[in-house]
Engineer: 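Sharing a structure here in C-alpha cells format.
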Amino acid sequence: MSDVALEAGVSKMTVSNVINGRPGASEDTRARVLEAVARLGYRVNATARQLRAGRSGAIGLLVPHLDGPYYPHLAARLDTLAQLRGYHVIIERTGASREGELAALSAERVRPYSGIVFSPVQIDTADVRRAGIEVPVVLLGERRIGGEFDHVMMDNVGGAELATSYMLERGARRIALIGGRPETGVDSMPTLRSRGYRGAHARAGVPVDERLVVDGASFTTKDGYEAVMRLHRDGVSFDGAFALTDAAAMGVLRALADIGLRVPDDVQVVGFDNDAEGEYLVPRLTTMDPGNDSMAERVMELLLRRVEAAASDAGETEDVVESVMSARIVVRESTLAHVSR
C-alpha cells in the first residue's frame with residue numbers, strides 16, 4: 001500500500017479509502033490510485049488484515065439446503081465477489097430446522113469467520129442476537145424479521161403477482177399454484193408468493209379454485225412433477241401453472257408432456273428464480289428474475305462494509321440497511337405471446 005501511495009502521490013489512507021470504495025477521494029485521485037494499483041499489481045492482503053483482527057478472511061454462508069440450483073448459484077455469485085476483495089466463502093447447510101440454524105450460529109462454528117451471510121427459515125433476529133455472534137451478519141431472506149441486522153430480500157409478493165398477472169392477461173383462468181400455501185400470518189417464501197398469486201386474481205376479478213393450490217413437501221423437480229400428476233388424477237383441469245421455483249417448474253413441464261398437454265397452448269407455465277437451466281428446457285421456461293446478481297452484490301457490499309469497519313477499529317456505527325430487490329419477468333416459450341382481449 002505504501003508503494004501505491006508513493007506511485008500515486010497520495011497518502012496510504014487515501015489508497016485504503018479508494019480500494020475499499022469509501023467516499024472522499026476526487027475522481028482524479030481515484031483514477032491515479034487505481035492506475036497505480038494496476039501498474040504495481042497490488043492486491044489487498046486480506047489474510048494479514050484478518051489475522052490482525054483475529055479472523056481468517058472466510059465468510060460463512062449459512063443456507064437451508066443445497067438440493068436445488070438456487071443456493072449453489074447464490075454461493076458461486078457471492079464467492080466470486082468475495083474473491084475480488086480478497087475473501088472466500090464457506091457454505092454451511094442448516095437443514096431449514098431451528099436446531100440446525102442455532103447450531104450453525106454457535107460460538108465455535110462462527111469464531112473462524114470474518115462475517116456471516118445467513119438465510120434463516122425457522123429463527124428470528126432475537127435468536128440471532130441471543131447467540132452472541134461477534135462478527136458482522138447480513139440476513140438474506142424471504143421475510144422481514146426485525147431491524148437489528150442488515151437484511152437483503154427479494155420481492156416475493158410482487159414477483160408472484162407479476163407472474164400470475166402475466167398469465168391472466170394472456171387468457172389463463174385456472175392457474176395452478178405449485179407449492180402454494182394458505183395464508184397463515186407467518187411470512188415465508190411459499191406464503192409470500194402465494195399471497196402474490198391471490199392478489200393478482202383479486203385484482204383481475206378472477207376467483208381462485210382452492211383445488212388448484214397444491215402444497216408439496218418442498219420445491220424440487222420431483223415435487224413439481226407429482227403436483228401436476230395429482231391434479232391430473234383428481235380430474236382438476238387447469239390452463240396455467242405458477243411454480244414457486246424453477247426447479248418445480250421443470251417437473252411441471254415433464255408431467256405435462258407425460259399426460260399429453262402442450263405448453264403453452266394447453267397450459268402456460270411460469271417459474272421463479274431465473275435459474276440458468278430454464279433457458280435450455282423444451283420449451284424454454286418463462287420465469288421471474290428476483291434480481292439474483294444485484295442481490296449478491298448488495299449482500300457482499302453490506303457485509304464487507306461491516307467487516308472492514310471492524311477490522312480497522314472504525315466500529316459499526318452506520319444505520320442498519322434493509323434492501324428489497326425488484327423482480328422482473330423473463331419471457332420465454334412456456335407462455336403465450338399474445339394478450340387476451
Side-chain angles (χ1 to χ4, degrees), residues 19-21 34 37-38 41-96 100-101 103-106 108-121 128 133-142 149-154 189 219 245-247 272-280 287 289-311 321 323 325:
I19 289 172
N20 290 295
L34 293 175
V37 166
Y42 174 75
R43 293 187 64 183
V44 175
N45 191 338
T47 300
R49 175 188 296 175
Q50 297 305 322
L51 286 173
R52 286 197 300 271
R55 304 297 175 194
S56 65
I59 292 169
L61 174 60
L62 315 182
V63 297
H65 56 78
L66 293 168
D67 57 358
Y70 177 75
Y71 283 111
H73 289 174
L74 171 68
R77 289 183 178 96
L78 290 175
D79 190 53
T80 297
L81 294 169
Q83 288 191 38
L84 291 174
R85 299 285 290 274
Y87 296 82
H88 61 281
V89 172
I90 297 175
I91 307 169
E92 292 201 36
R93 186 176 63 87
T94 66
E101 291 178 351
L105 294 176
S106 62
E108 62 272 16
R109 295 268 286 273
V110 168
R111 189 173 295 113
Y113 297 131
S114 300
I116 292 173
V117 179
F118 178 34
S119 181
V121 176
V128 179
I133 296 175
E134 296 181 354
V135 299
V137 178
V138 172
L139 299 179
L140 176 67
E142 315 289 354
F149 302 95
D150 292 335
H151 195 177
V152 180
M153 295 173 288
M154 62 178 65
M189 181 275 277
F219 309 97
T245 66
D246 280 356
F272 200 116
D273 287 335
N274 195 24
D275 292 332
E277 292 82 356
E279 192 170 0
Y280 302 98
T287 184
D289 180 357
N292 294 321
D293 291 335
S294 298
M295 189 177 307
E297 290 168 5
R298 185 60 169 154
V299 166
M300 198 56 62
E301 172 195 348
L302 292 171
L303 184 67
L304 294 186
R305 182 190 67 179
R306 303 282 184 188
V307 168
E308 292 167 6
V321 175
S323 295
M325 302 291 108

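Heads up: numbering here begins at 1 and tracks the sequence.
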Engineer: Where is the tightest heavy-atom contact between Val307 and Gly115, given as atom of each residue plus distance?
Structural biologist: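 The answer is CG2-CA, 4.1 Å.
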Engineer: Any chance you could lay out the side chain to side chain contact (heavy atoms under 4.5 Å, CB included) test for Leu302 and Val152, step after step, and finish with the verdict?
Structural biologist: CA-CA 9 Å; Leu302 292 171; Val152 180; 3.7 Å; yes
Engineer: Please report the shortest heavy-atom distance between Ala247 and Phe219, naming the atom on each side.
Structural biologist: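 Smallest heavy-atom distance, with atoms named: CB-O, 3.7 Å.
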Engineer: Of all heavy-atom pairs between Met300 and Leu81, which one has the smallest distance, and what is that distance?
Structural biologist: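 Distance-wise, the nearest heavy atoms are CG-CB, 4.1 Å.
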Engineer: Does any N or O in the side chain of Thr94 come within less than 3.5 Å of the main-chain N or O of Glu101, such that one atom is a donor and the other an acceptor?
Structural biologist: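 The answer is no, because no donor-acceptor pair under 3.5 Å joins these two groups.
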Engineer: Do Leu105 and Val128 have side chains that approach each other closer than 4.5 Å (heavy atoms only, starting at C-beta)?
Structural biologist: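 They are in side-chain contact.
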Engineer: Would you give the length of the straight line joining atom CZ of Arg298 to atom CG of Leu140, rounded to the nearest 0.5 angstrom?
Structural biologist: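 Those atoms lie 13.0 Å apart.
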Engineer: Is the shortest heavy-atom distance from the side chain of Pro290 to the side chain of Asn292 under 4.5 Å?
Structural biologist: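 Answer yes - side chains close enough.
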Engineer: Can you find a pair of side-chain heavy atoms, one from Asp246 and one from Glu277, that are under 4.5 Å apart?
Structural biologist: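 No, every pair of side-chain atoms sits at 4.5 Å or beyond.
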Engineer: Counting only heavy atoms not in Arg93, do more than 12 sit closer than 6.0 Å to its CZ atom?
Structural biologist: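 For Arg93, atom CZ is not crowded (no more than 12 foreign heavy atoms under 6.0 Å).
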Engineer: State the CG-CZ distance between Asp150 and Arg305, to the nearest 0.5 angstrom.
Structural biologist: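 The distance works out to 5.0 Å.
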Engineer: How long is the span from the CZ atom in Arg306 to the OG atom in Ser114, to the nearest 0.5 Å?
Structural biologist: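 That separation rounds to 15.5 Å.
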Engineer: Could you check Ile59, Leu61, Leu62 and say which one makes a side-chain contact (heavy atoms from CB on, under 4.5 Å) with Ile116?
Structural biologist: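 Checked Ile59, Leu61, Leu62 against Ile116; only one passes side-chain contact (heavy atoms from CB on, under 4.5 Å): Leu62.
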Engineer: May I have the step-by-step check of side chain to side chain contact (heavy atoms under 4.5 Å, CB included) for Tyr70 and Thr245, ending in yes or no?
Structural biologist: CA-CA 9 Å; Tyr70 177 75; Thr245 66; over 6 Å; no
Engineer: Shortest non-hydrogen contact from Val135 to Tyr113?
Structural biologist: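 Smallest interatomic distance, heavy atoms only, reads CG1-O, 3.2 Å.
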Engineer: Taking all atoms of both residues into account, what is the closest heavy-atom pair of Ala296 and Arg77, and its distance?
Structural biologist: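 Heavy-atom minimum between the residues: CB-CB, 3.8 Å.
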Engineer: Between the main-chain N or O of Gly60 and the side-chain N or O of Glu92, is there a donor-acceptor pair closer than 3.5 Å?
Structural biologist: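 Answer holds: no.
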Engineer: Would you say Ile91 and Tyr71 make side-chain contact, with heavy atoms under 4.5 Å?
Structural biologist: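 Contact flag for Ile91/Tyr71 side chains = no.
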Engineer: Nearest 0.5 Å, please: how far is CG in Asp289 from CE in Met154?
Structural biologist: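 Answer for the CE-CG pair, Met154 versus Asp289, is 9.5 Å.
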Engineer: Please give me the minimum heavy-atom distance between Val89 and Ala82, naming the atom from each residue.
Structural biologist: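 Distance-wise, the nearest heavy atoms are CG2-CB, 4.0 Å.
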Engineer: Are Met325 and Glu297 packed together at the side-chain level, in the sense that at least one heavy-atom pair is separated by less than 4.5 angstrom?
Structural biologist: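 Not in contact.
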Engineer: Please determine whether side chain to side chain contact (heavy atoms under 4.5 Å, CB included) holds for the pair Met189 and Phe272, giving the CA-CA distance in whole Å, both sets of side-chain angles, and the decisive distance to 0.1 Å.
Structural biologist: CA-CA 11 Å; Met189 181 275 277; Phe272 200 116; over 6 Å; no
Engineer: Apply side chain to side chain contact (heavy atoms under 4.5 Å, CB included) to residues Arg85 and Glu308 and explain how you reach the verdict.
Structural biologist: CA-CA 11 Å; Arg85 299 285 290 274; Glu308 292 167 6; 3.0 Å; yes
